[in-house]
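Both ligands and their constituent atoms are indexed starting at 1 by order of listing.
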Amino acid sequence: MGYKVVVVGATGNVGREMLNILEERAFPVDEIAALASRRSLGTEVSFGDKTLKTQDLDAFDFTGWDIALFAIGSDATKKYAPVAAKAGCIVIDNSSLYRYDPDVPLVVPEVNPEAVEGYSKKNIIANPNCSTAQMVVALKPLHDRAKIKRVVVSTYQSVSGSGKDGMDELWDQTKAVYNPTDEVAPKVYPKQIAFNVIPHIDVFLEDGSTKEEWKMVAETKKIVDSSIKVTATCVRVPVFVGHAEAINIETEEFLDEDEARDILREAPGIMVVDKREDGGYVTPVECVGDFATFISRIRQDSTIENGLNFWCVSDNLRKGAALNAVQIAETLGNRVLKKV
Ligand SMILES: NC(=O)c1ccc[n+]([C@@H]2O[C@H](COP(=O)([O-])OP(=O)(O)OC[C@H]3O[C@@H](n4cnc5c(N)ncnc54)[C@H](OP(=O)(O)O)[C@@H]3O)[C@@H](O)[C@H]2O)c1
């Protein structure tokens with residue numbers, strides 16, 4: 001006996017990765033349905049060596065299905081997630097809609113797996129923002145040892161974080177740089193993204209920060225510890241897949257860089273690649289298609305008493321979205337549903 005699983009947004013970047021990862025991790029699937037908008041009705045998507053025809057979300061009946069992995073925008077999620085949840089299907093949602101709802105657990109299985117048990121208030125579990133997910137996997141084991149007081153993070157986020165349209169815009173603008181008659185005006189991004197970096201992701205808030213930066217603050221508090229102070233600067237870079245982060249932490253207790261390296265080596269979901277030589281660190285192109293969050297450049301911050309710097313890289317479509325969602329489904333299966 002396995003699970004009846006629905007992938008919602010199956011034609012998108014995250015939805016396609018969800019199908020790949022369910023298969024790669026041999027998630028016990030009895031039956032699977034791939035849904036998207038009516039525009040994509042009949043579009044074929046791969047699930048292992050099978051081909052699935054995409055169905056229309058609007059016409060789908062969730063009754064009798066166990067788990068729905070949602071990867072559509074917040075507006076469509078607002079309309080359809082409650083329908084699935086009401087039909088008894090547990091929603092694992094990738095949009096930001098439910099992340100800050102006190103009745104919805106926000107889960108990164110390496111950090112707070114027990115939180116899945118709170119799913120039943122709304123029949124919904126939220127997946128964090130891509131930048132938060134990879135960061136908290138690294139923060140948690142260090143916090144357990146030395147209690148993190150403050151985090152200063154700068155992100156270098158790839159265009160796949162803005163969906164298919166963001167990837168197309170980078171591709172088209174890059175080609176147009178060599179062929180100026182094909183110039184492509186910014187549409188997804190407020191400025192040219194090809195050969196550029198943009199210190200602006202999501203909308204501006206009253207205090208001058210952006211919503212993306214606020215998400216990293218609020219989500220770290222909800223997932224790891226509400227006492228941790230976080231300040232973030234989120235930047236879009238012309239990379240297709242893979243987010244990088246320069247992270248500085250200040251801890252209550254002193255944590256030596258060698259001990260931090262050993263702790264991270266043992267931590268779930270983490271691979272440490274940290275040689276102090278040319279190329280002895282991981283960059284976004286090397287993490288694509290991997291499950292791990294990679295940590296490099298671990299070093300003491302000598303400007304404060306108890307400080308460390310490190311570099312954190314992960315595939316944003318995987319740990320930042322699809323992998324984390326499938327891991328939540330696995331945790332839910334093992335702890336709650338127990339069908340297998
Ligand atoms: N990319 C990331 O790194 C990342 C990380 C964390 C969370 N997320 C979140 O995950 C969600 C999906 O992101 P993505 O990057 O996969 O976007 P995407 O590549 O643009 O794909 C969007 C998907 O949503 C479907 N969709 C849109 N509106 C719909 C509607 N009204 N009804 C049914 N299906 C609809 C699309 O179907 P059609 O093809 O039929 O239009 C497509 O399958 C977003 O909420 C995003 O914020 C993304």
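The list of salt bridge (Lys or Arg N to Asp or Glu O under 4.0 Å) pairs with a residue in residues 12-22, not counting sequence neighbours, reads Glu17-Arg318.
For Glu212, the salt bridge (charged side-chain N to carboxylate O under 4.0 Å, His left out) test picks out Lys215, with sequence neighbours left out. Not counting sequence neighbours, the partners of Asp101 by the salt bridge (charged side-chain N to carboxylate O under 4.0 Å, His left out) test are Lys122.
Residues of the protein with a heavy atom under 4.0 Å from ligand 1 are Gly9, Ala10, Thr11, Gly12, Asn13, Val14, Ala36, Ser37, Arg39, Ser40, Leu57, Ala71, Ile72, Gly73, Ala76, Asn94, Ser95, Cys130, Ser160, Gly161, Gly163, Lys164, Asn316, Leu317, Gly320, Ala321, listed by chain and number.
Between Lys149 and Glu252 there is no salt bridge, since none of the side-chain N atoms of the basic residue sits less than 4.0 Å from a carboxylate O of the acidic one. Here Asp262 pairs with Arg265 in a salt bridge; the nearest charged N to carboxylate O distance falls below 4.0 Å. By the 4.0 Å N-to-carboxylate-O rule, Glu110 lies too far from Lys140 to be salt-bridged with it.
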